[in-house]
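Inspection log for the structure reproduced underneath, given as structure tokens.
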Amino acid sequence: MNHLHNATELTTDELLSLRLVVTRSFMSASSLLAAHRTKLLELGLIQKGMGGLMPTPAGKIAARL
């Protein structure tokens with residue numbers, strides 16, 4: 001990762017999805033639209049783990065900016 005991704009790289013709906021994951025700290029992967037989930041995973045803002053989705057440190061930062 002060469003730079004920290006931020007909220008300006010996301011659509012409004014993608015940012016809302018990221019903020020939802022951040023506020024819950026853990027949620028089912030099926031709770032997000034597949035397109036949002038895919039983009040957030042590719043950018044490294046969320047990660048899969050323990051059968052669900054969790055925010056990464058970069059995702060927590062991006063969600064708050």
Side-chain angles (χ1 to χ4, degrees):
M1 181 160 83
N2 295 332
H3 76 283
L4 186 62
H5 297 282
N6 60 47
T8 60
E9 298 175 52
L10 302 173
T11 66
T12 302
D13 290 338
E14 291 167 343
L15 180 58
L16 291 174
S17 292
L18 174 61
R19 288 180 175 165
L20 184 63
V21 175
V22 169
T23 57
R24 292 187 179 174
S25 297
F26 180 83
M27 63 187 299
S28 168
S30 63
S31 298
L32 292 181
L33 291 173
H36 295 179
R37 183 176 59 243
T38 301
K39 183 166 182 183
L40 295 173
L41 285 167
E42 288 174 356
L43 293 176
L45 300 175
I46 61 172
Q47 63 187 2
K48 287 184 180 180
M50 299 185 304
L53 301 172
M54 299 176 289
T56 63
K60 289 178 182 181
I61 293 168
R64 287 177 172 79
L65 295 177

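Taking hydrophobic clusters as Ile, Leu, Val, Met, Phe, Trp and Tyr residues chained together by side-chain heavy-atom distances below 4.5 Å, Leu43 does not share a cluster with Met54.
A distance of 4.0 Å separates CE of Met27 from CG of Leu20, quoted to the nearest 0.5 Å. Summarising the geometry, atom NZ belonging to Lys39 is positioned 11.5 Å from atom OG belonging to Ser17; distances are rounded to the nearest 0.5 Å. Rounding to the nearest 0.5 Å gives a distance of 5.5 Å between CG of Leu45 and OG1 of Thr56. From Leu10, atom CG reaches atom CG of Leu15 across 6.0 Å, with rounding to the nearest 0.5 Å. Thr11 contributes atom OG1, which lies 8.5 Å from atom CG of Leu16 (distance to the nearest 0.5 angstrom).
In this structure, Leu53 and Leu40 have side chains that are not in contact, with every pair of non-hydrogen atoms separated by 4.5 Å or more. The side-chain heavy atoms of Leu33 and Glu14, taken from C-beta on, include no pair separated by under 4.5 Å. Using a 4.5 Å heavy-atom threshold, the side chains of His36 and Leu18 count as separate.
Closest approach of Val22 to Arg64, counting heavy atoms only: CG1-NH1, 3.3 Å. Closest approach of Lys60 to Pro55, counting heavy atoms only: CE-CG, 3.8 Å. Across every non-hydrogen atom of Gly44 and Ala58, the tightest pair is O-CB, 4.2 Å.
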